[in-house]
Amino acid sequence: MDSDIQRIINEIKLSAEEIVSESPDQIKAVYVMDKEGTVIAYTTNTTLVNAGNMFFAMPRFISSLKGLLTTLPIGSIDYILIQGAEDIVQLIGIREIGYLMVIINSESSIGLTRIILEKYTNRLYELLNKLAGASEEELVEVVNVEITPKDIEDVISFIRSKAML
Amino acid sequence: MSIKTIKIVIAGPYGAGKTTFVKTLSEVLPIETDVPITKSVIDDNKKSTTVAFDYGRMKVREDLVVHLFGVPGQERFSFMWKIIARGMHGYLFIVDSSSEDKIKEALGMYNFFRENFSSTPHVIAANKQDAPSAVNTSTVKTILKAPYEVKVMPLIATNRRSALFVLVALLEEIKTYLVEMSK
């Protein structure tokens, strides 16, 4: 892992932990995601939840929200509140680069939590921007000439010949 | 001469046996490891890729190379999974099947790959089948909620024959997919 990338992830994770520390009796978990919903860092408040079950694959969630928004004339995701039977999800867009999401346990702290989220969006915007830059520099896609079934068959034959399967 | 590159990703949570799997393969197959991919070894019309996650490469023909990429298993690197997996032809998802809890730990990562690469051929490898309490492949499939058509293969990553069978099974899946796509 590239050290720049590692350092930026650590800083994002630290921000997530700071958010929890702003309201430790109410914030259960914090997630920082990229624009497609991939979780870059998350942290759980272990005094309120079991950390083991709090990692989610979010891309489908984000794409569902985006799908929903395209049917509504309200633009991109700025802020969303979802109330569940036990907890409340608050999600805020970090401009066009990602999302910050928290799970809270009390309706009474919705307003306060929103203020906390807004307070961190600028810092997270900068970090996500840096991360996107570092990732693109470090990782460039392999673009292939088209592979045919015959090529794969050749690989299988090659393996069989080498390994005498 | 243009060189064809087959990109295979080895995924799975931390401690599932990804590195062991590739290491075992490299004992029987001419896999070069720790050799960085650089722009100089691929065509001008292709882009380069990172070295950090390259498990190895195997030259099959002068114009055909197989690249095995590993992804870091820790969830905090989940955003890198997508970047590494971009453009892959297929992936092997290795889980530690020595207990049901270990398999459950893999669910988040498996869902991630299913969501992001829903049409990419893949095989699940239930590793550590030599463990006394190993979970059978059908239970692994149930826990991961894998689709009916996805193969779950037993694996002992330290065993050469077992590792080779799993790799060949994945290649067969990729071939079938390519045949279907070409119809």
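Reminder, nothing fancy here: chain letters follow the sequence lines and each chain counts from 1. Note: hydrogens, waters and symmetry copies are ignored here, and every other heavy atom, side chains too, is used.
B/M181 does not touch chain A: none of its heavy atoms, backbone or side chain, sits under 4.5 Å away. Heavy-atom distances place no part of B/L25 under 4.5 Å from chain A, backbone and side chain included. Heavy-atom distances place both the backbone and the side chain of B/L171 under 4.5 Å from chain A. Interface residue B/R61: only side-chain heavy atoms are found under 4.5 Å from chain A. Proximity to chain A is limited to the side chain of B/V66, based on heavy atoms less than 4.5 angstrom apart.
The side-chain contact (heavy atoms from CB on, under 4.5 Å) check on A/K150 picks up A/T148, A/D154, with sequence neighbours excluded. For A/F158, there are no ring pair (Phe, Tyr, Trp, His ring centres under 6.0 Å) partners at least two apart in sequence or on another chain. Legend: residues meeting side-chain contact (heavy atoms from CB on, under 4.5 Å) with A/I74, ordered by chain and number and at least two apart, are A/L69, A/L72.
Contact of the B/M88 side chain with the B/F113 side chain is registered, since non-hydrogen atoms from C-beta on lie closer than 4.5 Å. Side-chain contact check for B/L107 versus B/K145: some heavy-atom pair is nearer than 4.5 Å.
Ion pairing between B/K4 and A/E146 fails under the 4.0 Å rule for side-chain N and carboxylate O. We find that A/E18 and A/R123 are joined by a salt bridge, their nearest charged nitrogen and carboxylate oxygen being less than 4.0 Å apart. Checked for salt-bridge contact, B/K175 and A/D151 miss the test: no charged N lies under 4.0 Å from a carboxylate O.
Below 4.5 Å, heavy atoms of chain B meet no heavy atom from residues 88-96 of chain A.
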